[in-house]
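Contents: one structure, followed by commentary.
To find a chain, count down the sequence lines: A is the first, B the second, and so on, and within it residues start at 1.
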Amino acid sequence: MAEKELHIYNTLTRKKERFEPLNPPFVGMYVCGPTVYGDAHLGHAKSYVSFDVVLRYLRYLEYKVKYVQNITDVGHLVGDGDEGEDKMAKKARIEQIDPMQVAEQYTFTYFRDMDALNVLRPDIAPRATGHIPEQIAMIKTLIERGHAYNADGNVYFDVASDPNYGKLSGRNLEEAESGTRVDVASDKKNAADFALWKKADDEHLMKWDSPWGVGYPGWHIECSAMSTKYLGQSFDIHGGGLENQFPHHECEIAQSECAHDAQFVKYWMHNNMVTLEGQKMGKSLGNAINLHEFFTGDHKLLTRAWSPEVIRFFLLQSHYRSTTDFSEDALEAAETGLKNLHSIVSAIEKSTAGKGEAYPIDNFINDFEAVMNDDFNSAQGIAVVFEHGKEIRKQITKGSVPANIEEVKSAFKKVVDEVLGIWPTNSGGDSNLTGGLVELLIEIRKDARSNKDFALSDKIRDDLKALGVQLKDGKDGTTYDLD
RNA sequence: GGCGACAUGGCCGAGUGGCUAGGCAGAGGUCUGCAAAACCUCGUACGGCGGUUCGAAUCCGCCUGUCGCCUCCA
């Protein structure tokens, strides 16, 4: 389907909808960020690479996007036996440091790994602990409006007061209760009520004063408070992992819409999960491979290192709403494919002074936009790049560089670099020392070959190959690719 | 138990009521001093059983299988 307008699959309506921002050309976009108590893993990569392409494509379409992604640095309750101990505190106890050190350390590694994946930084990365007053204010409003109640220092959202509760996840309260595996806290009016503020005991490390006593905020309220602060009571896009649809996003909607009388978010987007041998990869399952371990190869399930570029390309080859099943075989195929793509890009980049037939570059742009307009189909976007790229390279190899080669270059730069973010990082060898040296060796090899000194010419070829420089003999001389 | 996804050629992975996805791997060929690269050609896939239709892998039903959410998690 060739879409001229951007369409987004909206989890709220379970349909693809034409994208119409609330205040064009401005777009407010919020994506749930990480809880910083451990290194980012492949699952984080899938989510943030997916939304990175959403962001980049919106900017490509010339929307003025304000992109907010929170950092959750308040711990929430762990699921196992450590009743009442939160993640940040647990990690801090294990490592014998202050919880804020834990947060700071993993915030650093999070951005380090995302930078490596070429994920653009959010415009604003607000921290939950930096927005306690905003969260308290919102809770007060909810109490005043009769949507929340204080039970001896624990403040709960009163789910029964919100007739729309469940509209995102398609649940109703009766069903949620009958099958629940959660022990119901005794001070709740309703099993589905969720905490806005929790009372802290003496041992609790992260706690703040509030109108309801010393405590700490519930998990969901930070996203409502911070998105409202930076994007307003209503904004365009809210993204996150599918597993957050319920309860997290459902609760965000309830809190925000009951506090503000305005539609919270227009388009809800959820990325699917990464699986490892068919099983969900997650921190709590202990089968998550950290991104840093991928980059270094230092993990018992990995046979070698995998570059961030390959990880990004691998992820973009599937749709964000499909699960991505990880295997090293699949990564290896992606690696070879990416290398080929880079070879195509570099053949185009190196071409100048086109005198051949002009390439219909509008077709490339139209094809690319058509698939991206269909809910950001990066997998098809990559296919479009291959199809047109190979066609153009064919012309170039035949010695008929398109007359509009500069236009071709800028189109590829926009699509492959600006939107997809998979531009070769080390391709521009022509003007630097490496490029000069390789060209020199190519000259020497050429002479050796005309003298039939194949021992020398093969040595040059093989040794360069070992250094990651691939020579390619063509009709009009020899070119090269860097690994 | 409730809710929801998905099952595509050797592998990964898009998509669609009739027309080529793409990548990886593989086969043959052109080129080459030999290779590599590039280029040309090739596989005619869509879980099973019914149904709707002129026509379904694409729509409907049932079945089987896998997975996710219902609890912190991207």
Any N/O donor-acceptor pair, R461(A) side-chain to C34(B) base, under 3.5 Å: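 Answer yes: a donor N or O sits under 3.5 Å from an acceptor.
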
Quick check on [N]: is either OP1 or OP2 less than 4.0 Å from any side-chain nitrogen or oxygen of [X]?
{"X": "N377(A)", "N": "G15(B)", "value": "yes"}
{"X": "R393(A)", "N": "A38(B)", "value": "yes"}
{"X": "K394(A)", "N": "C40(B)", "value": "yes"}
{"X": "S322(A)", "N": "A14(B)", "value": "yes"}
{"X": "S318(A)", "N": "C12(B)", "value": "no"}

Taking only the P atom of each, what is the distance from C59(B) to C46(B) in whole angstrom?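 The same atom, P, in both gives a distance of 16 Å.
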
Are any of the side-chain heavy atoms of F295(A) and I311(A) separated by less than 4.5 Å?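 F295(A) reaches I311(A) side chain to side chain.
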
Under the side-chain hydrogen bond (donor to acceptor under 3.5 Å, both in side chains) rule, what do T323(A) and N272(A) come out as? Steps first, then yes or no, please. CA-CA 5 Å; T323(A) 54; N272(A) 217 315; 5.3 Å; no

Rounded to whole angstroms, how far apart are [atom1] on [X] and [atom2] on [N]?
{"X": "H388(A)", "N": "G23(B)", "atom1": "NE2", "atom2": "P", "value": "13 Å"}
{"X": "N272(A)", "N": "A5(B)", "atom1": "CG", "atom2": "C1'", "value": "7 Å"}
{"X": "D481(A)", "N": "A36(B)", "atom1": "CG", "atom2": "P", "value": "16 Å"}
{"X": "E387(A)", "N": "A14(B)", "atom1": "CD", "atom2": "C1'", "value": "11 Å"}
{"X": "H249(A)", "N": "C69(B)", "atom1": "NE2", "atom2": "P", "value": "14 Å"}
{"X": "Y9(A)", "N": "G4(B)", "atom1": "OH", "atom2": "P", "value": "11 Å"}
{"X": "L168(A)", "N": "G4(B)", "atom1": "CG", "atom2": "P", "value": "13 Å"}
{"X": "F246(A)", "N": "G4(B)", "atom1": "CZ", "atom2": "P", "value": "14 Å"}

Using a 4.0 Å heavy-atom cut-off across all strands, classify [X] as base, sugar-phosphate, or nothing.
{"X": "H41(A)", "result": "base"}
{"X": "Q470(A)", "result": "sugar-phosphate"}
{"X": "V31(A)", "result": "nothing"}
{"X": "G241(A)", "result": "sugar-phosphate"}
{"X": "F51(A)", "result": "nothing"}

Less than 3.5 Å apart, any donor N or O on the side chain of Y106(A) or D73(A) sitting next to an acceptor on the other?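 Result is no, nothing qualifies.
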
Judged by modelled atom types alone, do D325(A) and S327(A) share a side-chain donor-acceptor pair under 3.5 Å?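 No, no side-chain donor-acceptor pair sits under 3.5 Å.
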
With the side chain of [X] defined as its heavy atoms from C-beta on, choose the nearest nucleotide among [options].
{"X": "N271(A)", "options": "A38(B), A74(B), C34(B)", "value": "A74(B)"}
{"X": "M273(A)", "options": "G22(B), A37(B), A74(B)", "value": "A74(B)"}
{"X": "D473(A)", "options": "A74(B), G22(B), A35(B)", "value": "A35(B)"}
{"X": "P247(A)", "options": "C70(B), G15(B), A74(B)", "value": "C70(B)"}

Return a table of donor-acceptor pairs under 3.5 angstrom between the side chains of residues 454-470 of chain A and protein atoms on other chains or two or more places apart.
residue, atom, partner, partner atom, Å
S457(A), OG, F454(A), O, 3.3
K459(A), NZ, D463(A), OD2, 2.8

Should we say atom [atom1] of [X] is surrounded by more than 12 heavy atoms from elsewhere, each under 6.0 Å from it?
{"X": "K207(A)", "atom1": "NZ", "answer": "yes"}
{"X": "K339(A)", "atom1": "NZ", "answer": "no"}
{"X": "E328(A)", "atom1": "CD", "answer": "yes"}

For Y480(A), is the NZ or CZ atom of K350(A) found under 6.0 angstrom from the centre of its six-membered ring and inside 45 degrees of the ring axis?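 Yes, K350(A) lies over the aromatic ring of Y480(A).
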
Pairing annotation in dot-bracket form, given for RNA chain B with Watson-Crick or G-U pairs under 3.5 Å and | for cross-strand partners: (((((((..(((.....[...))).(((((.......)))))....(((((..]....))))))))))))....

Give the residues of residues 441-460 of chain A touching RNA chain B, defined as any heavy atom closer than 4.0 Å, sorted by residue number.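 Nucleic-acid contacts, sorted: R449(A), F454(A), S457(A), D458(A).
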
Quick check on RNA chain B: between A383(A) and A330(A), whose nearest nucleotide comes earlier from the 5' end?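 On the 5' side of the pair lies A330(A).
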
Should the ring pair H270(A) and H249(A) be called parallel, tilted or perpendicular, given that the plane angle runs from 0 to 90° and is split at 30 and 60?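 Correct class here is tilted.
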
Residues that D453(A) engages under side-chain hydrogen bond (donor to acceptor under 3.5 Å, both in side chains), provided they are two or more places apart: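 Residues passing side-chain hydrogen bond (donor to acceptor under 3.5 Å, both in side chains) with D453(A): none at all.
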
Atom pairs, protein N/O to nucleotides 24-28 of chain B N/O, distance under 3.5 Å:
residue, atom, partner, partner atom, Å
C24(B), OP1, N340(A), ND2, 2.2

Ring pair (Phe, Tyr, Trp, His ring centres under 6.0 Å) with Y320(A): which residues, sequence neighbours excluded?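 Y320(A) satisfies ring pair (Phe, Tyr, Trp, His ring centres under 6.0 Å) with no other residue.
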
Which residue in the set R321(A), R18(A), K16(A), K15(A) passes salt bridge (charged side-chain N to carboxylate O under 4.0 Å, His left out) when paired with D375(A)?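 Of the listed residues R321(A), R18(A), K16(A), K15(A), the salt bridge (charged side-chain N to carboxylate O under 4.0 Å, His left out) partner of D375(A) is R321(A).
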
